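Order of the sequence lines sets the chain letters (A, B, ...), proteins ahead of strands, with each chain counted from 1. Keep in mind it's a predicted model, so treat the numbers as computed, not measured.
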Amino acid sequence: MGGSLLKPVILIGIVYTILKFVVPNIPGSAPLPASLIFLYLMLTTSGIVIFATLSGESKDAFWGPIQRFLTGENIGSLQVLRYGVLLLFPLIVGWQTYNSTATSDAPPAENRTIHPAPPGEYTGLSNPVAKTPDTIQQGKGFYAAFCSPCHGGNFDGKGPAARGFNPPPANFSDPTTIAMLQESYLFWRIKKGGVGLPIEGMPWKSAMPRWEVELPDEWIWKIIMGEYDGAHQSPRTWE
Amino acid sequence: MKHGLSKIATGVVAGVLLAMGFLVAEPVAAQEGIAVRAPMVKGSLPADDPNAAVWASAIPATFPMSPQVHWPNRILEATVRDLSVRALHDGTNVAILLEYTDPSEDPDDAAAIEFMVGDKKAHFAHGQPMAQVEGGPVNIWYWKNKDAKGVDMNAKGFGTLSVQPHQDVKAKGAYANGTWKVVFTRPLTTGHPEEDTQITTGGFINIAFAVWDGKKDASGELKEKGSQKAVSSWWYFRAEAPPDYSGYYYAALAVGLALGFQFILIRKLKKGQSA
């Protein structure tokens, strides 16, 4: 009889496990906020209750054991557990209430999009500079002069001037920066700088200079070649 | 009978564990970035005294500084690498204490605090224009050793720095043992919301810093001047609100309601059973 109560609980447990631990590990997905998990579990629970109470018989099978447990008639040693539940329930309600009314003590969460979409005119451009040992070398020279104070002589984002900047200068040897990007995208980012980002990139925080005011386009294309070569990465191409 | 009960027990235990899971899963707010927190103090603020004992009631926040290499004229190395910041408020005025090491006291030693103004975001480098976001101005509070006063300024882009017609900021520096301590004070709110940052208690606002080492090199040129300085990024500042205990009252009320609900429910169930 009580088995009809065990199944729903197991079901909810499984749903919770999936939402909490499996979904975040699916590539391209992110951890679900607790409020969303809660909502899904509430939906699952109400589904179970509706299903269990559809017929008079299943209704009794579902509520009967709960009723017996709550009233504490003839449950013997489970009495202790019953008191525990009766004590815990108000405490949980109180705790949740406290959490939902307490003002946040943390600075605003910062969900900065690191690679927002570039403006249309910067998609699909190809590097007009011929790739030769010479042009790569020139690019590395420009990189050393203009970029290394922040992005580092080793292309690791740890230049001598990097420490104060938040967000930090990109680490080009990390596979999640330029290796994921096309040359065209880099051209946009270098030319327009941090202030060229759309709102989701939080342009007001970026120290990345707007190089179009200081460097000709041809130098920027050479720097891009030098940067990939130096960081031992290659640009993402059309798949 | 016994069999059914043990099953109930399993179910209830699982249910309680699940409920506790919710508690644990409550989002623990990510502590991203650092913030200067200004506690509220009773009595007057130590506006003229960077060494006053009351500063100990504020927890210092330390910010890394970079030589300004973001726009020309750049500087590849700056003297100050870390800045420690404390703040206090008394409900009317705010006092912010900057503290940093500088091997020599020079007349041109200087420091500044920067804020955004109003609701518009502003780029940390002098509120320079952004391509896809309409930015606002920045409010800059500036102090220079030889001037011995605070200067209230605005900028909206490079080359637009201007001194306000109305000056609300006071500043006082004290140098000892290779350390500068500089206190800036201002009313929390002013009558000029278009130019001045307005500080309301409890809310986070953006804050950034700059420091100039006014030392001269062998040829008599200033090492750091103008855009050649140590800078920080945007961080956060908050004037703490007076303590608020309403969360506890609401929680107590909720506990009472839950107890009452349980009591009535069980009574009803018992009546139903005996009937």
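- Other residues, nucleotides and ligands contribute more than 12 heavy atoms inside 6.0 Å of the CZ atom of Arg112(A).
- For the residue pair Ala254(B) and Thr97(A), the shortest heavy atom distance occurs at CB-OG1, 3.1 Å.
- Residues Arg37(B) and Ala106(A) approach most closely at NH2-CA, 4.4 Å, considering heavy atoms.
- With a 4.5 angstrom heavy-atom cutoff, Pro167(A) does not touch chain B via any of its atoms.
- Proximity to chain B (any heavy atom under 4.5 Å) is restricted, for Pro149(A), to the side chain, taken from C-beta onward.
- For Ala122(B), the part lying under 4.5 angstrom from a heavy atom of chain A is the backbone only.
- With a threshold of 4.5 angstrom between heavy atoms, Leu253(B) does not approach chain A through any atom at all.
- Between the side chain of His123(B) and the backbone N or O of Ala207(A), no donor-acceptor pair lies under 3.5 Å.
- Heavy atoms closer than 4.5 Å to chain B are found nowhere in Met202(A), neither backbone nor side chain.
- Within the 3.5 Å criterion, the main-chain N or O of Gly196(A) finds a donor-acceptor partner in the side chain of Gln132(B).
- Using a 4.5 Å cut-off between heavy atoms, Arg81(B) contacts chain A through both its backbone and its side chain.
- Aromatic pair Tyr98(A)/Tyr250(B): ring centres not closer than 6.0 Å.
- Contacts between Ile266(B) and chain A at a heavy-atom distance below 4.5 Å involve backbone atoms as well as side-chain atoms.
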